[in-house]
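Each remark here refers to the structure printed beneath this line.
Just so you know, these numbers come straight off a predicted model, no measurement behind them.
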Amino acid sequence: MKEFAMRKLLLLLLLSALWCNTLEAQNLHRVNNNTDFDADFTTLQAAVTAASNNDTIYVEGSATEYAGTTINKPLTLIGPGFFLGENPKTQANNVPATFNSNIIFASGSEGSSIMGCRLLGVDLEISVSDITVIRNYLHNAEFTGNSDNILLSQNYVYNLINAGLGVITNTIITNNIIRGQINSEASSGPLIVANNVCFTSNWTFPIDVHNASIQNNILTGGYATIRENTGNTISYNIMYTDGTDVSGNQYNIDMDLVFADFTGALDLSTDGKWELKAGSPAIAAGLSGADCGAFGGPTPYVLSGVPNLPHIYEAEVPASATSDSGLQVSIKVKSGE
């Protein structure tokens with residue numbers, strides 16, 4: 001059997017695993033910019049243009065980066081995840097769907113969601129309400145207008161979650177791993193900022209928000225503390241800087257005791273190193289006995305941002321078939337978390 005045919009077979013097996021959980025979607029579209037795959041579209045823009053409201057668009061992993069686009073209708077975007085080669089049992093094809101220009105949720109896109117995509121050095125822009133951003137690799141999440149009812153959860157953020165150009169209300173920022181800062185204007189809120197890991201040496205205040213319930217976060221690097229600001233309730237956070245232990249907050253914590261591989265000595269994965277070490281002071285240190293950090297609470301961070309759909313994480317496809325035995329394919333499928 002030719003290599004192309006085997007690739008197509010593997011792809012069909014993967015899609016059947018993905019689609020079994022999304023049968024209620026109005027339409028399903030595939031985007032793949034590799035010429036040897038028979039996808040519906042080669043660009044996200046073409047898929048968005050053709051899609052109807054509430055359709056789902058799967059953007060498949062590729063070594064060739066995709067261009068972003070402006071979303072102007074309610075859609076669900078799903079990629080395969082990120083850091084796929086660093087963690088076990090992620091995807092049989094460990095190539096991410098990487099975007100090299102901004103993805104913009106504009107007027108008309110209310111009700112949209114994005115999951116499992118990798119925005120490398122570019123921004124996710126949000127200027128509307130009712131957007132779900134879950135399990136993505138983001139450079140910046142930028143709010144460029146007034147937005148209400150936003151969920152940012154289980155993302156790996158290279159730089160900023162920033163509402164400097166807009167006002168965000170009724171928003172939940174939870175279980176993210178963030179190399180930079182969470183920032184919002186004074187008029188933002190109410191917000192929930194919970195169970196994040198913030199590590200940076202570039203920002204004086206890794207969490208600089210207003211009118212927020214700020215709890216169960218772990219802050220390290222730089223000044224590594226939470227700016228008081230107006231309307232904030234700050235409790236059960238763990239910080240490595242100086243402070244007074246009140247409201248369940250802990251200060252002067254040795255982060256080498258907190259995380260699985262804080263110093264990088266064990267060479268764990270980029271996101272896996274932020275899991276809690278056995279005996280960590282962050283275990284059961286949060287509100288109501290929850291673990292602090294991205295892997296604690298009711299929606300713990302998922303390694304590599306693998307979407308919550310069944311997925312093939314291992315596949316053995318022979319290079320040839322015989323008339324007697326046919327093509328003996330072995331696959332291992334993991335249910336979505």
>> Taking CG in D267 as the centre, count heavy atoms belonging to other residues, nucleotides or ligands within less than 6.0 Å. Is the count above 12?
In response: no
>> Tell me which one of T43, T42, T49 satisfies side chain to side chain donor-acceptor pair (under 3.5 Å) with Q45.
In response: T49
> Just how far is it from atom CD1 of I182 to atom CG of N176, taken to the nearest 0.5 Å?
Replying inline: 7.0 Å
>> Can you give me the closest heavy-atom contact between V197 and G293, atom names plus distance?
In response: CG2-CA, 4.0 Å
> With side chains defined as the heavy atoms from C-beta onward, is the minimum distance between L152 and I134 less than 4.5 Å?
Replying inline: no
> Hey, does the Lys NZ or Arg CZ of R179 hover above the aromatic six-ring of Y158, less than 6.0 Å from the centre and inside 45° of the axis?
Replying inline: yes
>> Whether R118 engages the ring of Y137 as a cation-pi pair (distance to the six-membered ring centre under 6.0 angstrom, angle to the ring normal within 45°) should be assessed.
In response: yes
> Heavy atoms, side chains only, cut-off 4.5 Å: are D130 and V128 in contact?
Replying inline: no
> From Q181 CD over to I207 CD1, what is the distance, rounded to the nearest 0.5 angstrom?
Replying inline: 9.5 Å
>> Evaluate D245 against Y251 for side chain to side chain donor-acceptor pair (under 3.5 Å), listing each step before the verdict.
In response: CA-CA 6 Å; D245 291 354; Y251 295 86; over 6 Å; no
> So, are D208 and R227 salt-bridged, with charged N and O less than 4.0 Å apart?
Replying inline: yes
> Taking atom types as modelled and ignoring hydrogens, do the side chains of N249 and S247 form a donor-acceptor contact shorter than 3.5 angstrom?
Replying inline: no
> For F199 and W274, what are the C-alpha separation, side-chain angles and deciding distance, and is it a ring pair (Phe, Tyr, Trp, His ring centres under 6.0 Å)?
Replying inline: CA-CA 10 Å; F199 64 103; W274 302 104; 4.2 Å; yes
> If you look at every heavy atom in Q154 and V302, which pair is closest and at what distance?
Replying inline: NE2-CG2, 3.8 Å
